[in-house]
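Just below is one structure, and these are the notes that go with it.
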Amino acid sequence: MSELIDGKELAKKIRKDLKKEVAILKESGVNPKLAVIMVGNDPGSTVYVRNKSKACEKTGIEFEEFLFEENTSEEELLQVIEKLNNDSTINGILLQSPVPKHIDINKAFRAILPEKDVDGFNPVNVGNLTIGEDAFISCTPYGVIKMFEEYNIELEGKNAVILGRSNIVGKPMIQCMLNKNATVTVCHSRTQNIGEITQKADVIISAIGKPKFLKEDMVKAGSVVIDVGINRLEDGSIVGDVDFEAVSKKTSYITPVPGGVGPMTIAMLLNNVVKATKIQMK
Ligand code: NAP
């Protein structure tokens, strides 16, 4: 029988603790503040930005949106980032992806000061995570690691399979799992016979964006399954990458969608803003 990893509840707990920390910072005259930049009007991004704004508000973190037209040039975007880098009232800077195709997103991430890079996408933070130094860790993989910690799921020596190798989820997830001494295998769109690989896994983390991709016959009994995927079906419902009904009959732990990794991503963003504020106070 599978135990549900309740990301919503865990995120609530983390946010409650952060709210107290923010209140203490405010008492000493420090107001943590996040700046979110969005270029264009991707409907998904609009929802994500709104959710981040609400979460900041509830935690007492100040929030400012910088919205730009689709045709904003890369140069203009870099100037905005530089302005925010130099603004001492801004502690965290987040560039919402995707950005229009004419903008090199990696160039933009590189422009964000590493100590304000609360999404952990600046190569300095990516590199620090890789060499095991303190870093801002990409919020989704960080949230997944927090789930393992909270539920006392031991990763050392375990066979972990990560589905997906994007820069924002899959790749930092690899490093986070290595740092926990798991043995990591990564699958992507060119991987052959994924089911044979996942069947041997003690832990599977799926971040590919394919509804109900991971089926019951692809998982080992007693394994832990973390579903990062967020897929909207034609009827408007949201499902993950995992065929939850069937797979949850075999796993020891599993995350639901919604209510699993999603809320943890936002909680870890708030965590990173508070961390950035404290670093900048020094
Ligand atoms: P992405 O940039 O599109 O990357 C998808 C990855 O999956 C790629 O590495 C791709 O392989 C791989 N892939 C695609 N189809 C595959 C298949 N049939 N078999 C094996 N691998 C396949 O997506 P992302 O930004 O990482 O996001 C992945 C999913 O997580 C999406 O559903 C997204 O909405 C969700 N997400 C959720 C959160 C959250 O907070 N819960 C946060 C971020 C993203 P190639 O590299 O070979 O193309």
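Position 1 is the first residue of the sequence, and the numbers go up from there. The model shown is predicted, which means the values in this text are computed figures rather than measured ones.
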Would you call the rings of Phe109 and Phe121 parallel, tilted or perpendicular, taking 30° and 60° as the class edges?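 Rings of Phe109 and Phe121: tilted, as their planes differ by 30° to 60°.
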Would you compute the distance between atom OG of Ser53 and atom CD of Glu62 and round it to the nearest 0.5 angstrom? 12.0 Å
Taking atom CE of Met147 and atom CD1 of Ile5, what is their separation to the nearest 0.5 Å?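 One gets 6.0 Å once the value is rounded to the nearest 0.5 Å.
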Going by side-chain contact (heavy atoms from CB on, under 4.5 Å), name the residues that satisfy it together with [X], two or more places apart in sequence or in a different chain.
X	answer
Lys180	Ile145, Glu149, Leu155
Glu57	none
Lys215	Lys212, Asp217, Met218, Asp243

Which atom pair, heavy atoms only, marks the closest approach of [X] to [Y]?
X	Y	answer
Ile197	Gln192	CD1-O, 4.0 Å
Cys139	Asn272	SG-ND2, 3.8 Å
Val239	Pro211	CG2-CB, 3.7 Å
Ile93	Ile90	CG1-CG2, 4.0 Å
Ile194	His188	CD1-O, 4.0 Å
Val118	Phe136	CA-CD2, 4.3 Å

So, Gln280 side chain and Asn91 main chain: donor-acceptor pair closer than 3.5 Å or not?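 Yes.
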Are Lys249 and Glu216 within salt-bridge range, i.e. N to O under 4.0 Å?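 Looking at Lys249 and Glu216, the cut-off is not met.
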Among Asn85, Asn122, Asn125, whose side-chain hydrogen bond (donor to acceptor under 3.5 Å, both in side chains) with Asp117 holds?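 Option passing the side-chain hydrogen bond (donor to acceptor under 3.5 Å, both in side chains) with Asp117: Asn125.
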Taking atom types as modelled and ignoring hydrogens, do the side chains of Ser223 and Thr251 form a donor-acceptor contact shorter than 3.5 angstrom?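 Their side chains do not contain a donor-acceptor pair, so the 3.5 Å distance test is not met.
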Does the side chain to side chain contact (heavy atoms under 4.5 Å, CB included) test come out yes or no for Met281 and Val30, once each step is laid out? CA-CA 8 Å; Met281 279 164 73; Val30 178; 4.2 Å; yes
Kindly check if the number of other-residue, nucleotide or ligand heavy atoms within 6.0 Å of CG (Asn179) is above 12?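 Atom CG in Asn179 is crowded, with more than 12 foreign heavy atoms closer than 6.0 Å.
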Any chance NZ of Lys200 has more than 12 other-residue heavy atoms, nucleotides or ligands included, within less than 6.0 Å?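 No.
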Listed partners of Thr198 passing side chain to side chain donor-acceptor pair (under 3.5 Å), at least two apart: none
Excluding sequence neighbours, so at least two apart, what forms salt bridge (charged side-chain N to carboxylate O under 4.0 Å, His left out) with Asp202?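 Listed in chain order: Lys220.
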Please, which pairs that meet side chain to side chain donor-acceptor pair (under 3.5 Å) have at least one residue in residues 232-241, sequence neighbours excluded?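 Listed by first then second residue: Ser206-Asp241, Asn231-Asp241, Asp235-Ser237.
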